[in-house]
Amino acid sequence: MARAARKAAAAALLSPPLSSSSPSSAALQPRAGRYLLGRNTGAASSGAPQERASGCGQPCLVGARGFHDARRAFDGTSTRSLPAWTAIISGCARGGRHADGMRAFAEMLGDGGAPAPNAFVLAGVLRCCAGLGDVEPGRRVHGWMLRRGVRQDVVLCNAVLDMYAKCGHHDRARRAFWAMADKDAVSWNIVLSACLQGGDVLGAVRLFDESPLRDTTSWNTIISGLVRNGCAAEALDRLRQMVRAGVVFNHYTYSTAFSLASMLSLLGLGRQLHGRVVMAALEDDAFVCCSLMDMYCKCGEMEAALSIFDRWSWFTGDVKFAWSTMVAGYVQNGREEEALEFFRRMLREGVPAEQFILTSVAAACANAGMVEQGRQVHGFVEKLGHAFDAPLASAIVDMYSKCGSLEDACRMFDRVQAKNVALWTTMLCSYASYGQGRMALEIFNRMNAEKITPNEITLVAVLSACSHSGLVGEGDHYFKLMQEEYGIVPSTEHYNCMVDLYGRAGLLDKAKNFIEENNISHEAIVWKTLLSACRLHKHMEYAKLASEKLGQLEQCDDGSYVLMSNMYATNNKWLDSFKLRSSMWKRKVRKQPGQSWIHLKNAVYTFVAGDMSHPRSTEIYAYLEKLMERLKEMGYTSRIDLVVHDVEEEQRETALKFHSEKIAIAFGIISTPVGMPLRIFKNLRFCEDCHEAIKFISRAADREIVVRDLYRFHHFKSGSCSCEDFW
DNA sequence: CTAGGGTTAG
């Protein structure tokens, strides 16, 4: 199977240079400390000026060394002039050392011999305040300068506006703006950005339209703001207007335009913009190149992205973002093997592995279930010491969880000091996907206790935890709580969780009424959810209703078709079943073949039902036969009759006796030492008979077995499953 | 005589 071969190749590729046996190899010298530990803590995670693309940045105080050198030179001078103070303070501001800048300012005020701060100094101070993100210091500085009667020019006023905007006080920024006598283009741009940051798209558009001073930045701001607020069509419209108005593009324009093109999947527009980049001779600009590559990646044109990367990597310049753009691109396109291959190429070329790229590599391992490679990525993270950020921690937690090791996921989670919403949500999802609803809710409570406000994604996770564990009362409670306490308006996803919650628990009337009462019957997903619940509880009437609705919405996919025809079949309505199958055939809807795979020692082994392709097939089947005998002695009765017509099960699987997951497990047992846990992956939902059998196998062979199917995990141990048979 | 300050993004 091609997929298996690709996976195996990827596994083999990553392993040798990363394996812990050769700690002195070049690939294992990521010099992470220098690059990551020296990072300034006050700056926004990705916005530290020293990391900006080479083509557009200004010189500034860089990193710890630069700051200390400057500070030493400053301390050595006897006459500390205003420009000297300005240099120190604004240097801190630009270098992300906001607290240091504030300390320098305090020092200046306390030093009797120092000159009185002027507009230049204060602009730097206000930028530090903005960087700290807390209004209080900013407000005090603002008040102080008003009382002292510091001459207020446009630039200083703009610094005040910006400070309020960055501290989240958009209204205050707006009021200060309208109070200004002389507004320049920058003033308009700051308020424009404040409006957009506060989510006031309409206000921003109005402001933009009435502005007398529109420059390239104004256009960039409104377009990117529209994109960020989900108004992609409107943004495209503005981009066209910008072209018509003859406004010059700069690298920000291109970056925004490319993300717009990828968001709308407008490859044609992307190519057109690419042409403009060439004409404008911006091809060598790191920033522009990355967004160009990102556009091609998101449009699925990996080869185009790669050719840009290869052409451009000849230039010196700042390449590290380019590597992660490519790796992330491969992951987005489901090409995990190539993502890892590319990562290895980066290490070979001596580029250190940083958080940004490790996050994507971890995601690749998570998606493909490559636990061994994932552990190696974790090794890189360990090298960062405690300097890894929450997004990277989330990726590692997610990786362990999706690779079947909830314990490792928890261990990683516990180690992170500064947990953010996304990390809490990742952990919550992990418990939910293992069917541990109670633990998931405990995470939610702990998160609340630590005063972290959950977002809409967190609540999807909470509700799905409830539905997967049959916690109906709790689900009701949190659905109400999310609206009343957190002011979250339920989205289709939230509604769907509720349908699932009632449906899975067998409350089919409640589920159906819920759909009708909440006006969500135009959403195909809720009917699919109801349909699966009907299959679970064998409710023919509502199954028919759901499939009719799906038909009306023209949303019948392979799963729904197979599910419905199987329901007819189990009710002996063979004619209906046959009719549905043939209609499915006519509409060219095909069922995905089921397959399972297992990772052993950096190789991946994939099996389909009745697979004979493995060299040890004879041995595998012999063991499997023996094992099944043993299971029967232990009291296992085949439930194959229940699942003859199971949804995601292949026609021939039954005839071939063994589903692919059983074969993968048998192979795992005979290929690994006694007592070693097994992790199996399946591309579809696995069947009730296999679920039952694996419970027995875990006891008979005394193994922990983790099965990841399309939707969730089952952790089998000593004859029972973590889902407690509710799934 | 000179220096030194503010906006947009992934």
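As a basis for the values below, the full set of heavy atoms in this structure was taken, side chains included, without hydrogen atoms, waters or symmetry mates. Lettering of chains follows the sequences in order, A, B, ..., and the numbering in each one begins at 1. Computed from a predicted structure; not experimentally measured.
Comparing dT7(B), dT8(B), dG5(B) by their nearest atom to the side chain of Thr221(A) picks out dT8(B). Looking at the side chain of Val186(A), the nearest of the listed nucleotides dT7(B), dG5(B), dA3(B) is dT7(B). Comparing atom distances between the Ser90(A) side chain and each of dG5(B), dG10(B), dT7(B) picks out dG5(B) as nearest. When each of dT7(B), dG10(B), dG5(B) is scored by its nearest atom to the side-chain atoms of Phe321(A), the top-ranked nucleotide is dG10(B). Of the candidate nucleotides dT8(B), dG5(B), dG4(B), dG5(B) has the atom lying nearest to any side-chain atom of Ala123(A). The side chain of Ser224(A) lies closest to dT8(B) when the candidates are dT8(B), dT7(B), dG4(B).
We find that CG of Leu126(A) is positioned 11 Å from P of dT7(B), with the value rounded to whole Å. Rounding to whole angstrom units, OH of residue Tyr164(A) and C1' of dT7(B) are separated by 18 Å. Separating the CE atom of Met108(A) from the P atom of dG5(B) is a distance of 14 Å, rounded to the nearest angstrom. In this structure, Leu213(A) places its CG atom 16 Å from C1' of dT8(B), rounding to the nearest Å.
Using cut-offs of 30° and 60° on the angle between ring planes, the pair His169(A) and Tyr164(A) is tilted.
For the OP1/OP2 pair of dT7(B) and a distance below 4.0 Å, the side-chain nitrogens and oxygens of Arg127(A) include at least one atom meeting the criterion.
Side-chain rings of Trp424(A) and Phe413(A) approach one another, their centers coming within less than 6.0 Å. Between Trp323(A) and Phe343(A), the gap from one ring centroid to the other reaches at least 6.0 Å. Aromatic ring centres of Trp85(A) and Phe105(A) lie farther apart than the 6.0 Å criterion allows.
Separating the CD atom in Gln241(A) from the CZ atom in Arg238(A) is a distance of 5.0 Å, to the nearest 0.5 Å.
As judged by a 4.0 angstrom heavy-atom cut-off over every strand, Asn118(A) is placed among the base-contacting residues. Leu156(A) comes within 4.0 angstrom of a nucleotide base, judged by non-hydrogen atoms across all strands. Among the protein residues, Asp184(A) comes within range of the nucleic acid bases, having at least one heavy atom under 4.0 Å from a base atom. If you check every strand for non-hydrogen atoms under 4.0 Å, Lys166(A) touches sugar and phosphate atoms only.
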